[in-house]
S.K.: 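To start, I am sharing the structure in question, which I have written as C-alpha cells.
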Amino acid sequence: MTTAIPRSLLPIGEIASRAGLSVPTVRYYESRNLISSERTAGNKRLFRRYTLRRLAVIAAGQRVGLTLAEIAEALAELPSDKAPSQDDWHQLSTHWALLVARRIRQLEKLQGSLDDCIGCGCLSLKKCHLFNPQDEAAAEGPGSRWIRKSMEYDED
C-alpha cells in the first residue's frame, strides 16, 4: 500500500516535467544546493511546490549567462522556505543586470581584439611585439591573457 503524498509536495518526475527539465538535472541542482527536497521512508525525493519558482529563477539566471555559482549566490540570499517574492526578484534582477552589463563590456573588448589575436599566444609575428613584447604574458601563466586584461580594465 502506498502512502498518499501531500499536495504541497511534488515527486521529482513531476517537478522536472513542470519545470521543463530532466530528472538528472533536478538531481544535479539539488547536489549543488540550489534546491532541496524531503525524503520519504523509501528515500524518494519530494519537493515543495515553491521549488518550481526557484527553478524558474535558475533558468532565468542561465538565460542571461550567469554561472551556477553566481545563481547559487543569489539563491542563498532568498528565503529557503518559500517562493521568491516580486521584491526578491527585483533585488536579484537589479544585481544580475550589473553582472550582465559587465560581461557585455568584457565581450565587446574581446570582440575588438579578435582580429589581432585570440589570446592564446602569438598568432601574428608582425603584431606580436605590440601585444606581448619579450613574451611578457608567459609570466602570467597559461590561459587567455586578453580576457584577464579586459577584466582588469573593467574593474577600474
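Counting begins at 1 with the first residue of the sequence. Keep in mind that what you see is a predicted model, and the values were worked out from it rather than measured.
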S.K.: According to side-chain hydrogen bond (donor to acceptor under 3.5 Å, both in side chains), who are the partners of E14, at least two apart in sequence or on a separate chain?
M.R.: none
S.K.: Looking at L52, L75, I58, which one forms a side chain to side chain contact (heavy atoms under 4.5 Å, CB included) with I35?
M.R.: I58
S.K.: Quick one about R54 and Y50 (side-chain donor to acceptor, distance below 3.5 Å, no hydrogens or angles considered), yes or no?
M.R.: no
S.K.: Just jot down the side-chain hydrogen bond (donor to acceptor under 3.5 Å, both in side chains) partners of R63, sequence neighbours excluded, or say none.
M.R.: none
S.K.: For I15 and L21: C-alpha separation, side-chain torsions, deciding distance, then whether side chain to side chain contact (heavy atoms under 4.5 Å, CB included) applies.
M.R.: CA-CA 8 Å; I15 201 114; L21 301 169; over 6 Å; no
S.K.: Write out all pairs satisfying ring pair (Phe, Tyr, Trp, His ring centres under 6.0 Å) with one or both partners inside residues 54-93, taking only residues at least two apart or from two chains.
M.R.: W89-W96
S.K.: Would L78 and L92 count as a side chain to side chain contact (heavy atoms under 4.5 Å, CB included) if you check the C-alpha gap in whole Å, the side-chain angles of each, and the deciding distance to 0.1 Å?
M.R.: CA-CA 9 Å; L78 298 178; L92 281 179; 3.9 Å; yes
S.K.: Work out which heavy atom in E70 is nearest to a heavy atom in L66; give both atom names and the distance.
M.R.: OE1-CA, 3.3 Å
S.K.: With sequence neighbours excluded, what pairs up with S36 under the side-chain contact (heavy atoms from CB on, under 4.5 Å) test?
M.R.: none
S.K.: Can you name the salt bridge (charged side-chain N to carboxylate O under 4.0 Å, His left out) partners of E77, sequence neighbours left out?
M.R.: none
S.K.: Would you call R45 and E38 a salt bridge, taking side-chain N to carboxylate O under 4.0 Å as the test?
M.R.: no
S.K.: Please name all residues satisfying salt bridge (charged side-chain N to carboxylate O under 4.0 Å, His left out) with R53, sequence neighbours left out, ordered by chain then number.
M.R.: none
